Q: 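Pasting a structure here, questions to come.
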Amino acid sequence: MKRYFALGAFLFFCFAFPSHGEGFDVARHKMVEEVLADANTTSSYSGVSALSPNVIVAMKKVERHRFVPDALAPAAYLNRPLPIGYGQTISQPFIVALMTDLMQVKAGDRILEIGTGSGYQAAILAEIAGSVYSIEIIEPLGKEAGERLISLGYRNVQTRVGDGYYGWPEAAPFDAIIVTAAASHVPPPLLKQLKIGGRIVIPLGTQFMTQYLMVVEKQPDGSVTTRQILPVRFVPLTGGH
Ligand code: SAM
C-alpha cells in the first residue's frame, strides 16, 4: 500500500509540476494568466485594471525558474513568493507585475531597485527600461544575483552590495525607484535621487503590522504625493539607518 502511495505521489509531482523546458513555458504562460486575473480582481482598489503590454511581455519572457534554488524550480511558476535563502524571498509574480506597472517604466528609463534578492524583478525591469541599478544588502545573495543576471545576458543591469537606504547617488537621478522590502518611511536619499515627475513604488509598514504598497510621486515643486494601493507582506528593509 505504502509503495502505491509513494508511486502515486511521484507521478502527481511529475505531472503537476514542470521540470523541463516546454513544461516551464506552459507553466509560465499559465502563471501570467493568473497574474492578469489577480490584477483584474484587485483593480477596484489598486487602480490598475489592465497591466501594460510591456509588463505582460516581460512576465511571459523572463524564466522565473532560473531565479529560484534548483530544488524549487518545479514550483517556480506558482503565483507565490518562494524562499531564496538567508531568510529572504522572491516576490509573488502578481506583486512583481503590479509594482512594475505602477512604476510606469518606459524604454530608455533609468531605474533603481532596492533589494536585488534573486535578481528576478531586476530582469523584468531590464526587459523594459534602458538601465537598471540594483542594490542588495546580503552579500552572497547580491553576488549570486549579479552573476546570474550576467550569465543570462542582461548587460543593462548593474548590481552592488550595500545598504539601499542611501540609494546609488553616482547613478542618479532615476526615472523610477522600486523598494522590494518593507520600510517604516520613504528613505529621504531615495526621494533626493528621484527625477521630478518620477515615482517610487514601496511597501510601507512594519513586519508585524499591516503594510501597504504605496506610490510616491515627485511633483515639479519638489513636494510629493502618495497613493495607497493595497495591503502586502514583505520582508523588512534592514540596515543601519
Ligand atoms: N526583488 C527581489 C527578487 O526579485 O528576487 C526580491 C526581494 S526580497 C522580497 C527583499 C530583498 O531586500 C532581500 O533580498 C533583502 O535582503 C533585501 N534588503 C533588505 N534590506 C535592504 C537594504 N537596506 N538594502 C538593500 N537590500 C535590502
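Fair warning: this is a prediction, and the values are worked out from it, not measured in the lab. Both ligands and their constituent atoms are indexed starting at 1 by order of listing.
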Q: Under 4.0 Å, heavy atoms only, figure out whether ligand 1 is touched by the backbone of Gln88, its side chain, both or neither.
A: side chain
Q: Please go through Tyr165's hydrophobic cluster and name the other residues, only I, L, V, M, F, W, Y counting, with side-chain heavy atoms under 4.5 Å joining them.
A: Leu112, Ile114, Tyr133, Ile135, Tyr166, Trp168, Phe174, Ile177, Val179, Val186, Leu190, Leu191, Leu194, Ile200, Ile202, Leu204, Tyr212, Met214, Val216, Val224, Leu237
Q: With respect to Thr89, determine whether any N or O atom, backbone or side chain, lies less than 3.5 Å from an N or O atom of ligand 1.
A: no
Q: What closest approach, in Å, do Ser43 and Ser49 show between heavy atoms, and which atom pair accounts for it?
A: CB-CA, 3.5 Å
Q: Could you tell me, atom by atom, which parts of ligand 1 come under 4.0 Å of a heavy atom of Leu141?
A: 14 (O)
Q: Is Gly162 close enough to touch ligand 1? Criterion: a residue heavy atom under 4.0 Å from a ligand atom.
A: yes
Q: Should Asp175 and Lys195 count as an ion pair when the cut-off is N to O under 4.0 Å?
A: yes
Q: Testing the basics here: between Leu152 and Phe67, what is the closest heavy-atom pair and its distance to 0.1 Å?
A: CD1-CZ, 3.4 Å
Q: Using a strict cut-off of 4.0 Å, indicate which atoms of ligand 1 neighbour a heavy atom of Asp163.
A: 22 (C), 23 (N), 24 (N)
Q: Side chain, backbone, both or neither: which part of Pro236 comes within less than 4.0 Å of ligand 1 when only heavy atoms are counted?
A: backbone
Q: Charged N to carboxylate O below 4.0 Å: is that the case for Lys143 and Glu147?
A: no
Q: Which pairs pass side chain to side chain donor-acceptor pair (under 3.5 Å) with one or both residues in residues 53-63, sequence neighbours excluded?
A: Lys61-Glu127, Glu63-Arg66
Q: In terms of atom number and element, which parts of ligand 1 are under 4.0 angstrom from non-hydrogen atoms of Ile138?
A: 16 (O)
Q: Give the residue, atom name and distance (to 0.1 Å) of the protein heavy atom nearest atom 12 (O) of ligand 1.
A: Gly115 CA, 3.2 Å
Q: In the protein, what heavy atom is nearest to atom 20 (N) of ligand 1, and what distance, to one decimal place, separates them?
A: Thr238 N, 2.9 Å
Q: Indicate the atoms forming the closest heavy-atom contact of Thr210 with Pro231, along with that distance.
A: CG2-CB, 4.1 Å
Q: Return the option from Gln121, Gln92, Glu136, Met99 holding the heavy atom at the smallest distance from atom 4 (O) of ligand 1.
A: Gln121
Q: Could you pull out the closest heavy-atom pair between Gly85 and Leu141, with the gap in Å?
A: O-CD1, 4.3 Å
Q: Which heavy atom of Tyr120 sits nearest a heavy atom of Val96, and at what distance?
A: CE2-CG1, 3.9 Å
Q: Under 4.0 Å from a heavy atom of Ile90: which atoms of ligand 1 are those, numbered in the order shown and with their elements?
A: 5 (O)
Q: Would one find an N or O of Ser118, backbone or side chain, under 3.5 Å from an N or O of ligand 1?
A: yes
Q: Could you find the nearest protein heavy atom to atom 7 (C) of ligand 1 and give me its residue, atom name and distance?
A: Thr180 OG1, 3.3 Å
Q: Which heavy-atom pair separates Ile84 from Ser118 by the least distance, and what is that distance?
A: CD1-N, 3.5 Å
Q: For Ile135, counting its heavy atoms only, list the atoms of ligand 1 lying under 4.0 Å from any of them.
A: 25 (C), 26 (N)
Q: Nearest non-hydrogen atom to atom 27 (C) of ligand 1 belongs to which of Ile137, Ile84, Ile178, Val96?
A: Ile137
Q: Enumerate the atoms of ligand 1 whose separation from the nearest heavy atom of Glu113 is less than 4.0 angstrom.
A: 1 (N)
Q: If you count the atoms of ligand 1 from 1 in the order shown, which ones are under 4.0 Å from a heavy atom of Tyr120?
A: 4 (O)
Q: Any donor-acceptor pair under 3.5 Å linking the side chain of Gln219 with the backbone of Ile196?
A: no
Q: Is there any N or O on Gly164 that sits under 3.5 Å from an N or O of ligand 1?
A: yes
